[in-house]
Amino acid sequence: MLLKVKYLNVKKYIKLHAGFTYLEFISEAKTKFGLPDAADLDIFDETDTAVEEDIFLELLEAQPDLCLTIREKISDEVNQIISPKDFCPLAHSTPSSSDTLSSLTDTISLSSSDSDLRERGIPAGRSRSSKDSSAPNMVKNALTRKPGGEEILEEYNAENSLSHRTRRQLVNILASDMTERHGRIPSRKQKEKYALGIITLFPSLKDPFSPNGYEHFYDGVKGTGYIAWRLKTMSRSTTKRPVKEVPVHQEQGPKRRRLATTLPQQLDGDACKEAISFLVHSPDEASVFQKMKMTFQHRQDLVHDPQRTADVFKTFPRFLDVKGLVNQDFLLLFGAETATKLLEKWDMSFKPKVIKEAKQLTQSTDLCRLIKAAEKPTESDANDWDSDMASLLLLLQLLPPTAGRKRRTKISPTDAAHKMVHFHKSCCSIDEHLQARDGKQPYILAVGRTQNSIDTFYIAVDKQLIPCQATSSLSAFDELFKSHYVFNLSYDESLVHLYSFVQTTIFNIDATSTDESPRVLEKFDTEAKRKSYFREKWGIVDPVEKTLGIRYDTSRGGETRELRPPCSTVPPVLGCGELCETEWGYGQSEPAPAVGWLAEYKYFQSVLCGVYRTEDLPAAVGP
């Protein structure tokens with residue numbers, strides 16, 4: 001006979017032989033739910049009515065499909081404490097009743113869940129420690145019980161971080177523990193608690209730019225993250241839950257319509273048509289650049305019009321024979337500071353870290369060749385890419401393509417690399433290659449005798465060739481990325497993680513509003529993203545001169561003069577991100593207390609800049 005039984009939030013079937021007894025049912029229930037043999041249980045039916053031993057079998061015969069609920073029995077002493085006259089909402093409790101409730105909850109087992117306590121009529125907040133303190137203990141206990149958990153703790157204690165392989169093992173262990181304790185489909189609250197426990201036990205895994213810091217492990221709003229994906233993999237063979245509707249977000253990245261930072265005088269109407277006609281036939285490149293600037297707004301309207309976007313090369317054919325026009329349009333769109341970030345930062349800031357992270361991946365023949373070409377370009381083969389292109393392809397190995405939500409076939413990073421750059425021997429026909437190539441997404445066409453010695457770089461877009469102004473592979477990739485924004489082109493599905501990383505982490509474009517791969521959030525949070533975060537949150541503070549008082553000099557020959565702060569030592573534009581960078585270092589799990597860096601910063605402003613009054617500050621940081 002099969003009986004449906006519920007304990008806490010978990011329902012299971014219990015199989016019993018014919019003619020079973022009440023005690024045999026209790027024994028089987030303890031075994032099924034992993035309860036100790038000494039546990040004293042009560043049984044309730046679906047109306048929350050207690051089922052005693054003398055009517056147990058008779059009730060099951062009358063209702064064989066009944067779902068029974070078992071709970072740990074509360075002692076008589078506790079039942080007297082929570083009598084109706086003493087038990088009342090916390091907002092109206094007297095001090096004596098509050099103490100009584102506190103003593104009551106101390107006697108309840110810590111293994112009971114919040115839902116079980118609510119069923120007993122006991123407030124959950126007084127029965128156990130807070131969620132923040134219990135979450136890391138829960139994660140640590142799960143790791144110590146499971147094989148391989150101790151190695152994870154030892155690696156973090158030694159390295160203060162976890163490798164990609166160890167992080168995957170951590171998620172697998174916790175997902176297994178979660179399903180054992182809470183069933184095949186844990187609730188959102190349970191998954192968030194495990195995610196909170198991870199970043200609390202391993203602070204360096206926290207993402208400082210997300211609302212809670214654990215969204216890359218589990219995001220309850222979107223239903224994404226490492227834990228959610230692992231649970232979906234484990235339950236793939238079972239019935240799927242209804243698909244949750246994802247809120248529609250504003251377009252980000254290259255598809256977003258933007259206002260140019262600085263624009264010269266723009267032409268419209270007949271004047272714009274005359275300038276476009278002049279562009280087609282003018283042999284003077286300086287005049288071409290100037291007219292392209294003056295028709296920039298018209299070109300943006302063209303590429304963002306779905307009906308006319310394919311006509312951009314027919315209307316402005318000079319993109320196909322004049323070098324540097326792509327760079328100029330991107331410069332007008334974002335400004336000089338943003339336009340040069342990749343070329344300025346890649347060699348010193350990003351390239352060494354990409355090579356270091358790539359060495360921790362599972363080594364394959366292609367990966368080893370790329371690492372060797374990136375580290376030691378003089379020892380690489382002629383058929384290998386140069387150092388810059390090899391390091392960019394290593395970044396693609398770190399951020400590989402995924403199958404996505406639409407169940408597309410997943411391709412390898414090596415296959416995805418052909419969608420970013422293609423080597424073409426100079427002795428072969430380029431037109432034949434363009435006609436055989438499918439797709440409209442841009443890619444680099446590198447023409448030369450060998451991969452290590454490229455003569456010319458092109459950006460191939462919709463079977464059209466745009467000559468690159470650059471002579472290096474890094475500069476060619478820089479123009480490739482910029483072409484998405486100039487021509488309103490979406491990222492290739494196989495390269496979306498790579499381009500999103502370049503967009504948010506290097507160029508700092510839509511850094512706080514773009515959905516990124518959890519691996520990007522875990523490994524590639526940078527100084528630029530931190531400064532952008534604090535700049536948007538706190539704004540920019542402009543220092544002003546403040547008179548502090550009158551100083552009377554009593555020395556011989558002294559004079560009376562005003563005291564002014566040493567404003568010459570204050571930078572002209574003071575951003576909160578710069579101050580926070582020293583007081584809140586990278587990798588720290590949470591900011592300092594209220595009387596820490598923020599209060600000191602406000603006190604600094606109050607004394608030197610006159611922005612805050614002294615009486616508004618905490619007493620701990622007063623003058």
[Y] and [X] side chains, donor-acceptor separation under 3.5 Å:
| X | Y | answer |
| --- | --- | --- |
| Lys206 | Thr200 | no |
| Gln451 | Asp384 | no |
| Asp219 | Thr224 | no |
| Tyr491 | Gln441 | no |
| Thr450 | Ser453 | no |
| Asp366 | Thr414 | yes |
| Thr166 | Glu155 | yes |

Do side-chain atoms of [X] reach the backbone of [Y] as a donor and acceptor pair under 3.5 angstrom?
| X | Y | value |
| --- | --- | --- |
| Ser475 | Thr471 | no |
| Ser277 | Lys273 | no |
| Gln469 | Lys323 | no |
| Glu337 | Gly335 | no |
| Thr295 | His298 | no |
| His433 | Ser429 | no |
| Glu357 | His164 | no |
| Ser282 | Val288 | no |
| His418 | Asp415 | no |
| Gln328 | Phe289 | yes |

What are the two closest heavy atoms between [X] and [Y], and how far apart are they?
| X | Y | answer |
| --- | --- | --- |
| Thr362 | Arg165 | OG1-NH2, 3.3 Å |
| Tyr156 | Pro203 | OH-CD, 2.9 Å |
| Arg230 | Ala175 | CG-CB, 3.5 Å |
| Gln363 | Ala358 | NE2-O, 3.5 Å |
| Ala336 | Leu331 | CA-CD1, 3.2 Å |
| Ile506 | Lys341 | O-CD, 3.3 Å |

Please list, chain by chain and in numerical order, all residues satisfying side chain to side chain contact (heavy atoms under 4.5 Å, CB included) with [X], sequence neighbours excluded.
| X | result |
| --- | --- |
| Val303 | Gln300, Thr309, Val312, Asn488 |
| Ala374 | Ile355, Ala390, Ser391, Leu394 |
| Cys428 | His424, Lys425 |

Check the pair Phe313, Phe487 against ring pair (Phe, Tyr, Trp, His ring centres under 6.0 Å), reporting the backbone distance first and the verdict last.
CA-CA 10 Å; Phe313 293 119; Phe487 301 116; 5.1 Å; yes
Should Leu445 and Thr456 be marked as a side-chain contact (heavy atoms from CB on, under 4.5 Å) after you check the CA-CA gap, both sets of side-chain angles, and the distance that decides it?
CA-CA 8 Å; Leu445 184 65; Thr456 309; over 6 Å; no
Go through it in stages, so that I can follow the logic: the residues are Asp301 and Arg257, the test is side-chain contact (heavy atoms from CB on, under 4.5 Å), and I'd like the CA-CA distance, side-chain angles, deciding distance and then a yes or no.
CA-CA 9 Å; Asp301 295 337; Arg257 185 67 187 267; 2.5 Å; yes
Do Phe334 and Phe507 pass the ring pair (Phe, Tyr, Trp, His ring centres under 6.0 Å) test, and can you show the C-alpha distance, the side-chain angles, and the key distance before you say yes or no?
CA-CA 10 Å; Phe334 291 99; Phe507 282 97; 8.1 Å; no
Criterion side-chain contact (heavy atoms from CB on, under 4.5 Å) on His422 and Ile444, from CA distance to verdict:
CA-CA 6 Å; His422 177 80; Ile444 299 173; over 6 Å; no
Exactly one of Arg258, Lys293, Arg299 should register a salt bridge (charged side-chain N to carboxylate O under 4.0 Å, His left out) with Asp329. Which one does?
Arg299
Report the C-alpha distance between Glu375 and Lys359 in whole Å, list the side-chain angles of each, state the deciding distance to 0.1 Å, and finish with yes or no for salt bridge (Lys or Arg N to Asp or Glu O under 4.0 Å).
CA-CA 11 Å; Glu375 279 190 317; Lys359 291 180 178 179; 2.5 Å; yes
side-chain hydrogen bond (donor to acceptor under 3.5 Å, both in side chains), paired with Ser473, selected from Asp478, Asp388, Asp386:
Asp386
